[in-house]
Each structure stands twice: as C-alpha cells, then as structure tokens.
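Numbering starts at 1 and runs along the sequence shown.
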Amino acid sequence: MSSTLQQSPNAVPSAAGRAPDRGPRLQHTTTQALRTVLPLVVLLVALALYTDSQNPAFIRSGNIENILVQVAVLGILAAGQTFLLIGGQMDLSVGSLVSLVAVLAAKQFDAGWSTPAVVIFALALGALVGLVWGLVVAYLDVPPFILTLGGLSVLGSLALVASNNVPIRVQDGLNSWGFGQWFGLRAPAVMLIVVLVLAGLLLHFTRFGRTTYALGSSRPTAFLAGVPVKRHLVLLFVGNSTLAAFAGLVMMARLAAGDPRSGQGLELSVIAVTVLGGAALAGGRGTMIGTAVGVLVFGTISSSLTFLKVPGAYQSLVSGGILIVAVVVTAAADLRAARATGVRGSAAWRGLLGPLTRPSRRTAPPAEGA
C-alpha cells in the first residue's frame, strides 16, 4: 500500500485542504493507462481480425453495436466498481441488486406505475442499499468482501421471492431504453458511453476522484491529510449501488421482463473486467479508460466465441479465465514493483489481497472525519 502511495504522492490532498497539483497526477495516471490499455487494444484488434477472417460478418457496424449493447449492463456496473476498487473497497452484491431492481420495476409497471416513479424508486433503492453497505463498512469496520457477499445472497433471494421464481413480462415500460435509437445508436449503447464518459470525468478531473485515489493508496495517510474518510467511503458505496440499480433498469428494458436470475454471475464479470482494465484489488490504482477497454475486450471475446461457434459450455469459462489472467498479471506487476522499492514479496501479496483479508481499522487514529 505504502509503495503505491510513494509512486503517486500527488494523489493525496494537502493537509490544508487544497487540491493537489493536477499535472504530475494526470501524467502518472496517463502513463499507467497507456501501460494497461495498449496491450488490451492490441489483443482486441488481433482477436477481432482473427474472428473476422473466420467469419466476415464480425467486423461490421451492426455487430460492433451489438457488442456495445450486450456489455451495456456490465459496463455500467464496472464504472461504479472502478471507483470502489481504486478506493480499496469491493461490492459483490451488484449482480443480485440488478436482478432485484429488474423484478421490482417489472412488478411496478405491471401495477400501473408511471415511468418516472419506477425510475426514481429504483435509483432510491440502489442508493439505500449502498448507504447501508457504506455505513457498515465505514463505521463498523466490517470487511466489504464479507458484507457484500452476504448481500449477494440476501438480495438474490429477495428477487426470487418477489417474482415467485418466474420472470415477469413487461408490456410497456422503458421500451425506448431497451429498443430505441438515440443519436444513431441503440439506447443501451448510448447509455453505456455516457456513463463511462461522465464517470471518467468525475474520477480523473475532480476532487472526488483525487480523494478516491488517496483513500485507496493509504487510508491512514488520507485521514491525516484531512480527508473525510468515512463520509467518502459511504459516498463510494452509494454511487456504486445507484449505478447498479440503473443497470437493473437497463437490464429489464433490454429483456422486456424482470428476470430474477438476470444478474447472476455479473459480480464475477464486473470484477474481471475492472481488474483486467488495470484496477488493483489493493486499491489506489485504476483508470476509467482501462475499465472501458476491459469491458470491450470481454464483450469481443464473448461475441467471438459465438461467431466461431464455440459451445456454450466453454463460453462460461470466459469470465473466470479473464479474472485469473488479470489477477496473475496484476500480481506479477505488483511484485516487480515491490522488489524495486524493497518491499518483501509476502508484504506485496498482502497488499494485493487487501480487500479480501483487510483487518479491522480500529487501530487507526480515532474520531475520523464524518
């Protein structure tokens, strides 16, 4: 953790509350993004060219748009998860929250609710879930991995109960979100692009983003620098769960139904693409452009497998395989950096697995900012 902070000293706000100089931080972030993104882009292009050589229909505008639509929900979830991972946190309940929101929205449309009412209710529900996770993590020092793993089961079960384990068809609800054309593209693709762009601007060009990097680099140091650590943790979880609720609405619109199993497995995929895009499980590192390219690589691989007529049983290996490769590559890079700064390998591994094994923070300075 400390080595990460030393590599990016400008990520921590000054004790006087002034925003740090953007120049060195942006330079560091840009270099980091290039190291991560360029290999992914090469992989993306190579995979697309190979698949197109086997099936000439692959590199076509229609199929590219289909890939964007297929990864729209995953990309929206990944935007929120990027903030969490950079801040040294994690949320494994997002897939179940997608399912629950999709089911409840479908039931509400079936009961005659208006579109604005359904959207407001769904986003409020997501914010409430994130508020609960954030308060428990920030004020009770519960590891987010354990907390949200329990949330995955609870929210998933609520989705099954609310739907009686049967998908709920939607005759007329958010049709324009699922099947409309906005600015020449299908609506889910447009929403994905807008979310990633706005999230990137927030992460890389605002005080909130700089504070997130500082928090993930070293929580005690961020506290000593005057960062309201607990409040920021709560905001990270609220923002992530609100985006997950929005993704649930998009999922329902795409399927024209509230399926209680529609979000199953998304929690694994979202971690995979975010880590693949360069975010570190130990926190303090990641970029939104890296996450976006990771999402595109994931979607391209899935689409390529379909075009190459690979059996569906093998396609289920994609998310797990990507996660394994991404974690191994990230671990190797972290170990090399640790050796270069004199940190022992075991300490580097503890930093990498921080979100899974992070101990209680009660030994940290008392009375952190609210």
Side-chain angles (χ1 to χ4, degrees), residues 4 7-8 10-11 22 24-48 67-68 71-91 94 192-206 208-210 212-217 236 239-240 243 266 268-302 318-319 321-334 336-337 351-352 355:
T4 305
Q7 293 171 7
S8 182
N10 294 293
R22 295 185 181 184
R25 184 188 66 83
L26 287 179
Q27 183 180 13
H28 171 78
T29 303
T30 302
T31 302
Q32 180 189 105
L34 289 176
R35 290 176 180 173
T36 303
V37 171
L38 285 180
L40 290 180
V41 171
V42 172
L43 173 62
L44 186 66
V45 172
L47 180 61
I67 292 175
L68 291 175
V71 299
V73 170
L74 178 62
I76 293 170
L77 292 175
Q81 198 76 218
T82 300
F83 278 90
L84 278 182
L85 287 182
I86 291 174
Q89 308 301 312
M90 180 184 292
D91 187 351
V94 290
L192 169 63
I193 294 171
V194 170
V195 167
L196 289 175
V197 169
L198 293 179
L201 293 175
L202 179 63
L203 178 62
H204 298 295
F205 296 98
T206 68
F208 184 87
R210 294 191 291 275
T212 301
Y213 278 103
L215 184 63
S217 296
L236 286 177
N240 176 71
L243 279 176
L266 281 175
L268 173 62
S269 298
V270 71
I271 296 293
V273 299
T274 309
V275 174
L276 181 67
L281 292 176
R285 190 176 73 225
T287 62
M288 197 57 64
I289 189 172
T291 294
V293 177
V295 170
L296 289 178
V297 168
F298 187 90
T300 302
I301 291 175
S302 299
V318 171
S319 58
I322 288 177
L323 180 57
I324 291 172
V325 172
V327 169
V328 170
V329 171
T330 300
D334 287 346
R336 286 197 302 270
L352 176 69

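- Taking each heavy atom of A78 and V273 in turn, the nearest pair found is CB-CG2, 4.0 Å.
- Here the side chain of Y213 pairs no donor or acceptor atom with the backbone of L203 at under 3.5 angstrom.
- A distance of 9.5 Å separates OG1 in T274 from CG in L84, rounded to the nearest 0.5 Å.
- Judged purely by atom type and a 3.5 angstrom limit, Q81 uses its side chain to pair as donor or acceptor with the backbone of D91.
- F83 and M288 make their closest contact through CE1-CE, 3.7 Å (heavy atoms, listed as atom of the first residue, atom of the second, distance).
- Put simply, the side chain of I86 does not reach to within 4.5 Å of the side chain of R285, judged on heavy atoms.
- With contacts defined as side-chain heavy-atom distances shorter than 4.5 Å, the pair F298/L276 does not qualify.
- Separating the CG atom in L198 from the CD1 atom in I193 is a distance of 12.0 Å, to the nearest 0.5 Å.
- Once rounded to the nearest 0.5 Å, the distance linking CG of L236 with OG1 of T212 reads 4.5 Å.
- Side chains of T206 and L201 form no contact here, defined as non-hydrogen atoms less than 4.5 Å apart.
- Here CG of L40 is found 10.5 Å from CD1 of I289. Values are rounded to the nearest 0.5 Å.
- Separation of atoms CD1 (I67) and OG1 (T300) is listed at 4.5 Å; rounding is to 0.5 Å.
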Evaluate side-chain contact (heavy atoms from CB on, under 4.5 Å) for L243 paired with L77, printing each intermediate quantity in order. CA-CA 6 Å; L243 279 176; L77 292 175; over 6 Å; no

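- A donor-acceptor pair shorter than 3.5 Å can be found between the side chains of T291 and T82.
- Between A72 and L192, the shortest heavy-atom distance links the atoms O-CD1, 3.8 Å.
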Do L85 and L281 pass the side-chain contact (heavy atoms from CB on, under 4.5 Å) test, and can you show the C-alpha distance, the side-chain angles, and the key distance before you say yes or no? CA-CA 6 Å; L85 287 182; L281 292 176; 4.1 Å; yes

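- Side-chain contact between V295 and L196: absent, with no pair of heavy atoms (C-beta onward) separated by less than 4.5 Å.
- The main-chain N or O of A199 is never found under 3.5 Å from a side-chain atom of H204 such that the two would form a donor-acceptor pair.
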